[in-house]
Amino acid sequence: MSGDFPKNAEEARLDRDTTREELTETLEALGQKLDVKARVKENVDDKLDQATAKVADVTNEPTAARFRQGADAVRANPLPVFAGVLGLLILIRLILRRRNS
């Protein structure tokens, strides 16, 4: 098909089916690009893999496996970690205020 008007019903159906397939592929590609949550998750997984490999280089394999398990546990339930970090920051601020007074 060269972009001309179809000459018969069979060409029209073929053109319609081809266009439908192309649109489906385009929409799937756009959906993947717009799925920010999935892209961020993939990026975090890649960074964790790199960090685990570096830990394995510096230490031994069981330590790297424990590091990965800990990172996965934090990702599965981040609220306690964030609460702990927030508490630690508040404690540091209080200590610094008392020290300056």
Side-chain angles (χ1 to χ4, degrees):
M1 298 244 139
S2 62
D4 297 331
F5 192 76
K7 294 181 177 157
N8 59 34
E10 185 60 34
E11 282 185 12
R13 281 188 212 98
L14 183 61
D15 185 43
R16 178 199 65 198
D17 293 341
T18 303
T19 302
R20 190 176 285 165
E21 287 176 17
E22 290 172 354
L23 283 172
T24 300
E25 291 173 6
T26 302
L27 287 174
E28 286 175 358
L30 281 173
Q32 289 175 350
K33 286 187 177 186
L34 293 175
D35 191 2
V36 176
K37 188 174 182 179
R39 291 176 62 196
V40 167
K41 185 180 182 305
E42 290 173 6
N43 192 12
V44 169
D45 285 339
D46 290 343
K47 297 296 181 188
L48 271 175
D49 290 341
Q50 291 173 1
T52 303
K54 286 183 182 179
V55 168
D57 288 343
V58 173
T59 62
N60 54 19
E61 200 61 40
T63 304
R66 300 284 309 235
F67 169 79
R68 183 60 189 233
Q69 288 174 348
D72 289 340
V74 168
R75 286 184 65 201
N77 195 9
L79 188 60
V81 174
F82 289 135
V85 169
L86 181 63
L88 183 61
L89 290 173
I90 291 171
L91 181 65
I92 291 171
R93 180 162 171 98
L94 289 173
I95 291 171
L96 290 175
R97 284 178 98 184
R98 285 189 182 177
R99 181 180 276 182
N100 290 336
S101 294

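Predicted, not measured: the structure shown is a model, and the values here were computed from it.
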Output yes when D72 and R68 qualify as a salt bridge under the 4.0 Å nitrogen-oxygen rule, no when they do not. yes
Salt-bridge criterion met for D35 and K41 (N-O under 4.0 Å): no
From [X] atom [atom1] to [Y] atom [atom2], the distance as rounded to the nearest 0.5 Å:
{"X": "T52", "Y": "Q69", "atom1": "OG1", "atom2": "CD", "value": "10.5 Å"}
{"X": "L89", "Y": "R93", "atom1": "CG", "atom2": "CZ", "value": "10.5 Å"}
{"X": "L23", "Y": "T18", "atom1": "CG", "atom2": "OG1", "value": "11.0 Å"}
{"X": "L96", "Y": "L91", "atom1": "CG", "atom2": "CG", "value": "9.5 Å"}

Taking the side chain as C-beta and beyond, is there a heavy-atom pair between R66 and V55 under 4.5 Å? no
Could you state whether V36 and V44 fall into the same hydrophobic cluster, counting links through intermediate Ile, Leu, Val, Met, Phe, Trp or Tyr residues with side-chain heavy atoms under 4.5 angstrom apart? yes
Should V40 and L34 be regarded as members of a common hydrophobic cluster, given that ILVMFWY residues are connected when their side-chain heavy atoms come within less than 4.5 Å of each other, either directly or indirectly? no
I need the minimum non-hydrogen distance between A71 and L48, along with the two atoms involved. CB-CD2, 3.4 Å
Side-chain H-bond candidate by donor/acceptor type, T63 with N60, under 3.5 Å: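 On atom types as modelled, these side chains qualify, holding a pair under 3.5 Å.
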Consider side chain to side chain contact (heavy atoms under 4.5 Å, CB included). Of L30, T26, T24, which one does E28 pass it with? T24
Test salt bridge (charged side-chain N to carboxylate O under 4.0 Å, His left out) on E42 and R39; report intermediate values, then the result. CA-CA 5 Å; E42 290 173 6; R39 291 176 62 196; over 6 Å; no
